[in-house]
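Atoms considered below: every heavy atom in the structure, side chains included; atoms not considered: hydrogens, waters and symmetry mates. Each chain gets a letter, A, B and so on, in the order its sequence line appears, and its residues count up from 1.
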2 protein chains.
Amino acid sequence: MRFTAQEEYGLRCLLQIAREPGEFMTITEIAKREGLTSAYVAKLMRVLRKADLVKSIRGQKGGFRLAARPELVSVGDVLASLGGRLYTKDFCGRYTGTEQICTHSLECSIRSLWMTLDHSVQRALSGITLKHMLSGALIESWAHAASAQVALDRSETPPPAA
Amino acid sequence: MRFTAQEEYGLRCLLQIAREPGEFMTITEIAKREGLTSAYVAKLMRVLRKADLVKSIRGQKGGFRLAARPELVSVGDVLASLGGRLYTKDFCGRYTGTEQICTHSLECSIRSLWMTLDHSVQRALSGITLKHMLSGALIESWAHAASAQVALDRSETPPPAA
DNA sequence: CGCTAACTGTACTTTTCTGTCAACTAAAAT
DNA sequence: ATTTTAGTTGACAGAAAAGTACAGTTAGCG
């Protein structure tokens with residue numbers, strides 16, 4: 001179980017854009033700030049644009065901005081766009097037979113496990129928005145040695161009820 | 001964020017072994033039950049053996065058995081052996097500078113996010129053992145439309161306090 | 001012993017994911 | 001209109017993961 005490069009770098013690029021609200025940031029600028037090549041950033045931005053997470057304009061004065069305000073953008077959606085979900089319905093199809101059989105066989109203990117883990121991750125992600133990331137709310141929650149979720153719930157900017 | 005093939009198939013093989021307590025199961029038998037090639041199962045079993053999750057004996061009458069009773073084997077440990085942890089300390093090293101700088105920069109919001117997710121996954125996995133997987137406790141927890149963790153806590157075989 | 005069944009280890013091939021490149025299109029400035 | 005800046009696209013090369021092949025070792029059995 002691991003994060004993909006696309007998730008890591010895509011989220012970073014999105015956060016760089018989110019830091020300058022209202023402005024359009026160019027690929028070159030994002031690349032410079034993150035220490036990535038422009039070509040790679042361009043590829044990542046394409047994914048984010050297709051997921052409607054950013055809006056782009058071309059030509060001079062072009063660039064990218066968030067499609068919505070940071071407090072409305074769930075990190076869960078961002079990661080799902082960049083790297084997909086942990087568990088999807090077609091997961092079983094690649095090896096196991098029909099879903100009915102699967103449900104009663106040993107393999108499906110594993111399917112349930114994957115569902116459980118996906119559920120946990122979604123739960124943890126549900127209340128975290130780009131704004132939380134920008135404000136350092138997550139970092140603080142660790143500094144206080146409490147669970148991230150609990151700390152977020154008490155922070156100055158309460159997350160929406162997912 | 002996704003599961004590796006090694007996690008999926010390695011855990012399946014381990015569960016096949018766990019189904020026949022006391023016996024030694026051969027690679028051929030495991031491969032047959034899971035529909036995998038013997039060569040691939042052999043590779044997976046090596047990983048499990050090096051993690052001390054199974055014991056092997058060679059020669060005729062050889063095979064594999066669990067190194068410990070199913071109720072003592074945490075699925076979290078199994079997955080960590082097969083695919084590593086979601087977040088590790090050296091994670092930042094591959095791109096960011098020192099940990100101090102990292103803590104106060106934007107990238108570290110991401111580091112905190114990865115830590116949060118790792119924490120959630122570990123929490124979900126902490127109480128799940130091979131025995132739970134075998135007994136169908138996870139499947140039942142989904143059938144009752146409750147969170148897996150809650151359902152497990154109430155099941156006939158209470159998980160150890162992680 | 002010698003044969004056979006079965007695990008062990010290394011090296012190899014194939015596939016998938018990362019990251020790059022070059023050619024293209026759009027918009028603004030002059 | 002031309003030039004320049006900047007996003008768009010698809011094809012490609014390198015790296016990592018997945019899966020295979022094969023030669024070697026161990027242990028039972030006759």
Side-chain angles (χ1 to χ4, degrees), chain A residues 1-14 16-17 20 23-67 79 81-84 91 94-95, chain B residues 1-14 16-17 20 23-67 79 81-84 91 94-95:
Chain A
M1 193 161 32
R2 58 178 194 279
F3 302 111
T4 64
Q6 193 161 284
E7 283 171 316
E8 164 105 25
Y9 293 122
L11 179 54
R12 286 185 183 214
C13 291
L14 193 65
Q16 288 295 351
I17 293 170
E20 313 290 348
E23 306 207 357
F24 281 85
M25 190 178 290
T26 66
I27 286 175
T28 307
E29 178 63 21
I30 300 166
K32 186 179 156 195
R33 294 196 186 194
E34 281 298 334
L36 303 171
T37 66
S38 294
Y40 190 29
V41 171
K43 185 176 193 172
L44 295 168
M45 293 315 298
R46 175 147 76 136
V47 176
L48 293 172
R49 177 175 52 79
K50 290 200 170 176
D52 286 321
L53 289 165
V54 296
K55 294 294 180 190
S56 67
I57 50 177
R58 291 158 72 131
Q60 269 183 335
K61 303 269 182 176
F64 296 86
R65 67 167 172 78
L66 287 189
L79 292 181
S81 302
L82 289 166
F91 193 89
R94 80 179 195 210
Y95 175 67
Chain B
M1 194 163 28
R2 58 182 187 282
F3 303 109
T4 63
Q6 193 160 284
E7 283 171 315
E8 163 106 24
Y9 294 122
L11 180 54
R12 285 185 184 214
C13 291
L14 193 63
Q16 287 295 352
I17 293 171
E20 313 290 349
E23 306 209 356
F24 281 85
M25 191 178 290
T26 67
I27 287 175
T28 307
E29 177 64 21
I30 300 166
K32 186 178 155 194
R33 294 196 185 192
E34 281 298 334
L36 303 171
T37 65
S38 294
Y40 190 30
V41 171
K43 186 178 190 172
L44 294 168
M45 293 315 297
R46 180 151 80 130
V47 176
L48 293 172
R49 177 174 50 81
K50 289 201 169 177
D52 285 321
L53 289 165
V54 297
K55 293 295 180 190
S56 67
I57 51 176
R58 293 160 72 136
Q60 268 183 337
K61 303 271 182 172
F64 296 86
R65 66 168 172 78
L66 288 188
L79 292 181
S81 301
L82 289 165
F91 193 89
R94 81 180 195 209
Y95 175 67

Rounded distance in Å - [atom1] ([X]) to [atom2] ([N]):
{"X": "B:Ile27", "N": "D:dT26", "atom1": "CD1", "atom2": "C1'", "result": "13 Å"}
{"X": "B:Leu48", "N": "C:dT8", "atom1": "CG", "atom2": "P", "result": "11 Å"}
{"X": "B:Gln6", "N": "D:dA16", "atom1": "CD", "atom2": "C1'", "result": "13 Å"}
{"X": "B:Leu36", "N": "D:dA18", "atom1": "CG", "atom2": "P", "result": "13 Å"}
{"X": "A:Phe64", "N": "D:dT8", "atom1": "CZ", "atom2": "P", "result": "5 Å"}
{"X": "B:Leu44", "N": "C:dC7", "atom1": "CG", "atom2": "P", "result": "14 Å"}
{"X": "B:Met45", "N": "D:dA18", "atom1": "CE", "atom2": "P", "result": "17 Å"}
{"X": "A:Lys50", "N": "D:dG7", "atom1": "NZ", "atom2": "P", "result": "17 Å"}

Among [options], the nucleotide that comes nearest once only the side chain of [X] is considered:
{"X": "B:Tyr9", "options": "D:dG19, C:dG19, C:dA6", "answer": "D:dG19"}
{"X": "B:Arg2", "options": "D:dA18, C:dC17, D:dT8", "answer": "C:dC17"}
{"X": "B:Tyr40", "options": "C:dT20, D:dT20, C:dC7", "answer": "D:dT20"}
{"X": "B:Thr26", "options": "C:dA6, C:dC21, D:dG7", "answer": "C:dA6"}

Check: Under the 3.5 Å rule, do the base of C:dT8 and the side chain of B:Arg46 count as making a donor-acceptor pair?
Finding: no
Margin query: Let's test your reading of the model: under 3.5 Å, does the base of D:dG28 pair with the side chain of B:Lys61 as donor and acceptor?
Written below: no
Check: Can you find a pair of side-chain heavy atoms, one from A:Ile27 and one from A:Phe64, that are under 4.5 Å apart?
Finding: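 A:Ile27 vs A:Phe64: side chains touch.
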Check: OP1 or OP2 of C:dC7 sitting under 4.0 Å from any side-chain N/O of B:Ser56?
Finding: no
Item checked: Position toward the 5' end of DNA chain D (nearest nucleotide), A:Arg49 or B:Gly59 -> A:Arg49
Next item on the list: Give a yes-or-no answer on whether the side chains of B:Thr26 and B:Glu29 include a donor-acceptor pair shorter than 3.5 Å.
Entry: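 Not at all, the side chains of B:Thr26 and B:Glu29 share no donor-acceptor pair under 3.5 Å.
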Item checked: Spatial distance of atom CD (A:Gln16) from atom CZ (A:Arg33) [nearest 0.5 Å] ->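 Going from the CD atom of A:Gln16 to the CZ atom of A:Arg33 covers 5.5 Å.
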Checklist line | Separation between CD1 of A:Ile17 and CD1 of A:Ile30, rounded to the nearest 0.5 Å | finding: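 Output value for this atom pair is 4.0 Å.
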Notebook entry, point to check: So which of B:Arg65, B:Met25, B:Met45 actually passes side chain to side chain contact (heavy atoms under 4.5 Å, CB included) with B:Val54?
Noted result: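 Going through the options one by one, the only one that passes is B:Met45.
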Next item on the list: Using the closest heavy atom to pick a nucleotide of DNA chain C for each, name whichever of A:Lys43 or A:Gln60 lands nearer the 5' end.
Entry: A:Lys43
